[in-house]
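Numbering of ligands and ligand atoms starts at 1, following listing order. Any value given below was found using the heavy atoms of this structure, including those in side chains, with hydrogens, waters and symmetry copies removed.
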Amino acid sequence: MKNNFKKKLIEIARWVNIEIEENNAAKYEQYRNEIEIWNKKVNLTSVKDEEEFMVKHIIDSLMVLKMIEIPFGVKIIDIGTGAGFPGIPIKISRRDLEIYLLDSNKKKTIFLENTIKNLGLKETYVLCGRAENYGKNMQFREKYDYAFARAVSALNVLLELCLPFVKLGGFFVALKGKEPEEEIVQSRGVFEILGGRLEDVIYYELPIGIKRSLVVVEKVGKTPIEYPRREGIPEKKPLF
Ligand code: SAM
C-alpha cells in the first residue's frame, strides 16, 4: 500500500511534466503522514483525499519551480505558510534553497519545526509571528531573493505584507486562482508605493483541471520604512 503513494505521486506529476525523484516521493509521503497525524489536533488542511492532497498541495507548490527559474542557493521566505505550502514541497525538490517559513499561528509553527526535523530538511527555518512585525525587523527586511504567499489574503494586502522582505532586484510571487485580474487592477497604485513592478502573470492548470496563476512582482525600489503598517492594518485598511 505504502509504495502506492510514491508511484501515484510520480505519475500525477508527470501529467504536468514535473519529474519527482523516488527518494523525494518518499519524503512527500512522510510529509503527508505528519500532516495526517497533526491534523487531528491542529487545523492544517481540509484536504483529506490522497490524490487531491497530491494535486492541490504538492503539485500546486511545485508549479512555482516549473514556471519560474529560481537560481541555485537563493534565500526564500514563504509568508503565511500554514502547514508549509508552498515552502516545504519546494524545499524537498530543491535542497539548495534556503527557506524561511513564516506563520503567526503558534501551533502550526510547532508542527513545522517538528516536521522539518523529522524530514531532515537543512537550511529551513521557522518564524512564528506576524508578517507586519517581521517585515519591520532589519534582520529580515529586504533580505530575501524571493517571497512566496499562497491563500493568505488579497493582493493589495499581500503586497504590503510581503514586499518589505524582498531585496532590490528580487521577486514576490503570489499563488493565486484562475482569475487574478481583478485583484491586480485593485492593487495598481500599491505596487508603486511599495517599490514593486508587476513583472508577469503566469497561468497554469493542475492535473485535475483546476486553473491557477502566479502573480510575479519585481522589487524595483526600496519599500518606504512606514510599511508594513502595524499589525492588522494592511488587512483592515488596504492601501487601495
Ligand atoms: N499558505 C498555506 C496554504 O496555501 O495552504 C496556508 C494558507 S492559510 C489559509 C493562511 C495562513 O496565513 C494561516 O496559517 C495564517 O495563520 C497565516 N497568516 C495570515 N495572516 C498572517 C500574517 N499577517 N502574518 C503571518 N501569518 C499570517
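The main-chain N or O of Ile18 is never found under 3.5 Å from a side-chain atom of Lys66 such that the two would form a donor-acceptor pair.
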Just distance, no hydrogens or angles: give the donor-acceptor pairs under 3.5 Å from side chains in residues 163-178, sequence neighbours left out.
| residue | atom | partner | partner atom | Å |
| --- | --- | --- | --- | --- |
| Lys167 | NZ | Asp145 | OD1 | 3.1 |
| Lys176 | NZ | Ser153 | O | 2.8 |
| Lys176 | NZ | Glu183 | OE1 | 3.0 |

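Checked against side-chain contact (heavy atoms from CB on, under 4.5 Å), Thr45 has the following partners two or more places apart in sequence or in another chain: Ile35, Asn39, Val47, His57. For Glu142, the side chain to side chain donor-acceptor pair (under 3.5 Å) test picks out Lys219, Lys222, with sequence neighbours left out.
Ser93 and Tyr28 share a side-chain donor-acceptor pair at under 3.5 Å. Donor-acceptor pairing under 3.5 Å is lacking for the side chains of Asp78 and Tyr144.
Protein residues are said to neighbour a ligand when one of their heavy atoms lies under 4.0 Å from it; for ligand 1 these are Gly80, Thr81, Gly82, Phe85, Asp103, Ser104, Asn105, Lys108, Gly129, Arg130, Ala131, Glu132, Arg150, Ala151, Val152.
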